[in-house]
**Student:** 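Okay, here's the structure, questions in a sec.
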2 protein chains.
Amino acid sequence: MTGIDDVAKLAGVSTATVSRALSGRGHVAPATREKVAHAASQLGYVVNAEASSLATGRTRNVGVVVPFLNRWFYTSVIEGAQRRLMQYGYDLTLYNLSGNEHERASVFEHFLLRKRVDAVLAVSLELTADEVDSLHALGRPLVGVGGPIPGVPTFSIDDVAVTKLATEHLLSLGHRVIGHIGGDVERELSFHLPTHRRAGYELALRDAGIEPDPELYFPAVFTMESGYQAAKQLLGGPRHRPTAIVAASDEMAIGAIIAARDMGLEVPRDLSVIGIDNHDLAPFFNLSTVDQHPELQGERAVELLMKALQQSNGDDVPAVDQPLPFDLIVRGSTARVPLTAAAVDSAHG
Amino acid sequence: MTGIDDVAKLAGVSTATVSRALSGRGHVAPATREKVAHAASQLGYVVNAEASSLATGRTRNVGVVVPFLNRWFYTSVIEGAQRRLMQYGYDLTLYNLSGNEHERASVFEHFLLRKRVDAVLAVSLELTADEVDSLHALGRPLVGVGGPIPGVPTFSIDDVAVTKLATEHLLSLGHRVIGHIGGDVERELSFHLPTHRRAGYELALRDAGIEPDPELYFPAVFTMESGYQAAKQLLGGPRHRPTAIVAASDEMAIGAIIAARDMGLEVPRDLSVIGIDNHDLAPFFNLSTVDQHPELQGERAVELLMKALQQSNGDDVPAVDQPLPFDLIVRGSTARVPLTAAAVDSAHG
DNA sequence: CAGGGGCCTGCAAGCGCTTGCAAACTCGGG
DNA sequence: CCCGAGTTTGCAAGCGCTTGCAGGCCCCTG
């Protein structure tokens, strides 16, 4: 394979000059730069990343750690991150934690330690303290996405605000009996997002003078199936049936829509449903939702990493969570509360 | 950071011995090996991948090239591939071609040429001849998944056989008027999979003595939305309504199921639907399908790459397509043809 | 007891690139 | 015409690891 020596020979200069000309560092006479560029392209020369890394200490590669791959949110974040990384000339190496405990541990204790990455992007992970420590021990910039990580700069949407917005949308349509499908209670300790989303829902209700009714909340993991089951219970329960549901994710919301249909309810005539995400499938199901722009989250995280890499002292990016924008998207799954229900409700109040 | 020298000093041996002890190459006395291992773990030493790569010429990293990320099939293949790669101690760096033309080109002309990968796994790509050339020019083992690539060893399911199997399942249930939703005709030139799947459908019909009716075929891209639209046309057309539909993917099949429901048809009473994939969502929609085990495809591809890497002359893996297993999974979306339709059909015959 | 053949281990030369340092050269002002 | 400052280039020393080679040791055989 052609190496820097070949280019140097062809261009009639030293390897040092080739290196400087191609990397843009240091002074090179324009004519020389031109000669070198020409020789390099003629030979199809591309700098050997490994050798360059060894010499500079910078790999032009970032590690992206995800808890799962097979979910819309993660792949979207990765897509956004990768797009930006490519623009900066960086590779992306992927670490997926969805294997067993042993594999998860080995990512932190072995793979990431090989100094193959300049920086790490942690997507939507709730990490143990040990894991955070071992990431810090890398001495590389570290940024999180999809939820705050203590001691780490992160980008995420405000999970409270986001369900608050969704709930307010329903309130503004006149709904008063609003159910919630969200986080699995058992996992709340290790994964705060669902709790936050539920808090936003409750906050919006209280702001509207409505005391949240625990019987209108059903836990679910973040899948259609689980949303379906929760909605069935919510809609079929002994209680006064809600006129609207806010689900903590679009997939659960879609499950709820399908459950409603199966129960003979028409959306949005008999039931309004709103989710969070703006999932790929949301338009198809005509689902109102709150767009959380995951690709943007990935892009912003990469930008921050790049900034951190440019500074000599990588650590002076403040370790706080930066909120990212989100947008209410009204489609056809939400509508004004039906008159009858409104009447029932006002009779209540 | 601790380097090999530190370990050598602590263990009281030379760096050469540390290297040999840790890598398992060459002879090292058991006692020495033990000492070194102890010193290394005490210091938390992990070999620097960059330096090791430079010295050995092997990176312990493979590039995975995908056309999109945000689709079930690709992420599933990647998950399988990554799992295996981890077991072999390999990293995975991801190249996503879903950007613009320029970005796509730069993956082939720049990123992959940096010698950062030992091998390349190309997932479900229909590559241009130039692109295949540039992959070969890497001089690294190359394996494809998800469809044959000329001149490259690949793993994939037999796309003809797979829809043939699905169609035969419907035939065995007594269906005679079977529609197909599949590949977008416009893309057929560059992407053969849909055509193959359609061919399998037609083959099964002919084997059963039924001449495929072009009006029972509707093109669609591989999304729910598109499957929904195609199914609406298929079911609402002027012709004799089919009693069953075989869709070229589960997402299209699910679209079809929803379309049927929206038209007041009950699945499987009024219409049987079968897809291909065994998508994550298939169980939820109770969809009969043909499982194509994408994670397995990823795993097998990695195994072949590893074998190729072990051989001195990387190229003597035969450049043929190896068929992988697939399995009919019968769920609740397919059933015996209704008597009335059967009667109509026999009246026809 | 001498000699031969394995085993272990260390030495040192790279792997392909970057970069501090210094030499050589250019140019303008005095 | 000379000198100094600035520009351009090359030299060579690494970056941290691997590995061919050779030396030292030990043990077995004749």
Side-chain angles (χ1 to χ4, degrees), chain A residues 1-37 39-40 43-61 89 110 113-118 138-140 312, chain B residues 1-37 39-40 43-61 89 110 113-118 138-140 312:
Chain A
M1 277 290 118
T2 72
I4 200 175
D5 292 334
D6 304 296
V7 179
K9 207 164 295 169
L10 182 58
V13 297
S14 72
T15 63
T17 299
V18 172
S19 174
R20 281 189 277 251
L22 259 31
S23 70
R25 277 180 295 266
H27 301 276
V28 178
T32 313
R33 182 184 305 277
E34 183 55 40
K35 254 191 323 192
V36 170
L43 295 173
Y45 171 75
V46 173
V47 55
N48 180 319
E50 306 288 338
S52 175
S53 299
L54 185 56
T56 60
R58 299 183 303 97
T59 62
R60 304 205 132 238
N61 185 30
H110 179 73
L113 296 178
R114 306 203 269 189
K115 315 237 182 345
R116 182 161 270 163
V117 300
D118 285 340
L138 287 178
R140 313 271 185 197
S312 45
Chain B
M1 278 288 118
T2 73
I4 199 175
D5 292 333
D6 304 296
V7 180
K9 208 163 294 169
L10 182 58
V13 297
S14 71
T15 63
T17 299
V18 173
S19 175
R20 282 189 277 253
L22 260 29
S23 70
R25 276 179 295 265
H27 301 276
V28 178
T32 312
R33 182 185 305 278
E34 183 55 38
K35 253 191 323 192
V36 171
L43 295 172
Y45 171 76
V46 173
V47 55
N48 180 319
E50 306 288 338
S52 176
S53 301
L54 186 56
T56 59
R58 299 183 301 98
T59 63
R60 304 205 134 240
N61 185 29
H110 178 73
L113 296 179
R114 307 204 266 190
K115 317 241 180 342
R116 182 162 271 163
V117 300
D118 284 342
L138 285 179
R140 313 271 183 194
S312 47

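Per chain, numbering begins at 1; letters A, B, ... match sequence-line order. All values reported here derive from a predicted model rather than from experimental measurement.
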**Student:** With a 4.5 Å limit on heavy-atom distance, are the side chains of A:V13 and A:V18 in contact?
**Tutor:**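 Answer yes - side chains close enough.
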**Student:** Are B:L22 and B:V47 side-chain neighbours, meaning at least one heavy-atom pair lies under 4.5 Å?
**Tutor:** no
**Student:** What is the nucleic acid contact for B:A16, judged by heavy atoms within less than 4.0 Å: base, sugar-phosphate only, or nothing?
**Tutor:** base
**Student:** Over all strands shown, is B:T32 touching base, sugar-phosphate only, or nothing at heavy-atom distances under 4.0 angstrom?
**Tutor:**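 It contacts sugar-phosphate atoms only.
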**Student:** Can you check the A:D6 CG to C:dC17 C1' distance for me, whole Å?
**Tutor:**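 Going from CG in A:D6 over to C1' in C:dC17 covers 13 Å.
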**Student:** How close or far is atom P of D:dT18 from atom CD of B:E50, stated in whole angstroms?
**Tutor:** 13 Å
**Student:** Nearest of D:dC17, C:dA12, D:dC21 to any side-chain atom of B:R20?
**Tutor:**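 In terms of side-chain proximity for B:R20, the closest of D:dC17, C:dA12, D:dC21 is D:dC21.
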**Student:** Send over the distance from B:I4 CD1 to C:dA12 P, rounded to a whole Å.
**Tutor:**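 That distance rounds to 17 Å.
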**Student:** Return no unless some side-chain N or O of A:S52 is found under 4.0 Å from OP1 or OP2 of C:dC17.
**Tutor:** no
**Student:** Would you please confirm or rule out a distance under 4.0 Å between OP1 or OP2 of C:dT18 and any side-chain N or O of A:S23?
**Tutor:**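 It does not, given that no N or O in the side chain of A:S23 lies less than 4.0 Å from OP1 or OP2 of C:dT18.
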**Student:** Do side-chain atoms of B:N61 reach the backbone of B:R116 as a donor and acceptor pair under 3.5 angstrom?
**Tutor:** yes
**Student:** Rounded to whole angstrom units, what separation is found between the CZ atom of B:R25 and the C1' atom of C:dT9?
**Tutor:**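 Those two atoms, CZ and C1', are 17 Å apart.
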**Student:** Looking only at the side chain of B:S14 (C-beta and beyond, no hydrogens), which of the listed nucleotides D:dT18, D:dT9, C:dG10 gets closest?
**Tutor:** C:dG10
**Student:** In this structure, how many angstroms lie between the P atom of D:dT18 and the CG atom of B:L22, rounded?
**Tutor:** 8 Å
**Student:** To the nearest Å, how far apart are A:N48 CG and C:dG14 C1'?
**Tutor:**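 Roughly 14 Å, once rounded to whole Å.
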**Student:** Taking the minimum atom-to-atom distance to the side chain of B:V28, which one of D:dA12, D:dT19, C:dT9 wins?
**Tutor:**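 Of the candidates, C:dT9 comes closest.
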**Student:** To the nearest Å, give me how far apart NZ (B:K35) and C1' (C:dC8) are.
**Tutor:**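 Taking NZ of B:K35 and C1' of C:dC8, I get 11 Å after rounding.
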**Student:** From NE2 of B:H27 over to C1' of C:dG5, roughly how many Å is that when rounded to an integer?
**Tutor:** 12 Å
**Student:** Mapping A:L54 and A:T17 to their closest nucleotides on DNA chain C, which lands nearer the 5' end?
**Tutor:**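 Checking each residue's closest nucleotide, the 5'-ward one belongs to A:L54.
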**Student:** Got a donor-acceptor contact below 3.5 angstrom from the B:T59 side chain to the B:D118 backbone?
**Tutor:**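 Yes; at least one donor-acceptor contact below 3.5 Å.
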**Student:** Between CZ of B:R20 and CZ of B:R33, what distance do you get to the nearest 0.5 Å?
**Tutor:**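 Rounded to the nearest 0.5 Å, the CZ-CZ separation comes to 11.0 Å.
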**Student:** How is B:V47 classified with respect to the nucleic acid when contacts are heavy atoms under 4.0 Å: base, sugar-phosphate, or nothing?
**Tutor:** sugar-phosphate
**Student:** Between C:dC8, C:dG16, D:dT18, which nucleotide has the shortest distance from any of its atoms to the side chain of B:A55?
**Tutor:** D:dT18
**Student:** Please figure out whether A:Y45 or B:P30 has its closest DNA chain C nucleotide nearer the 5' end.
**Tutor:**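 Nearest nucleotide further toward 5': that of B:P30.
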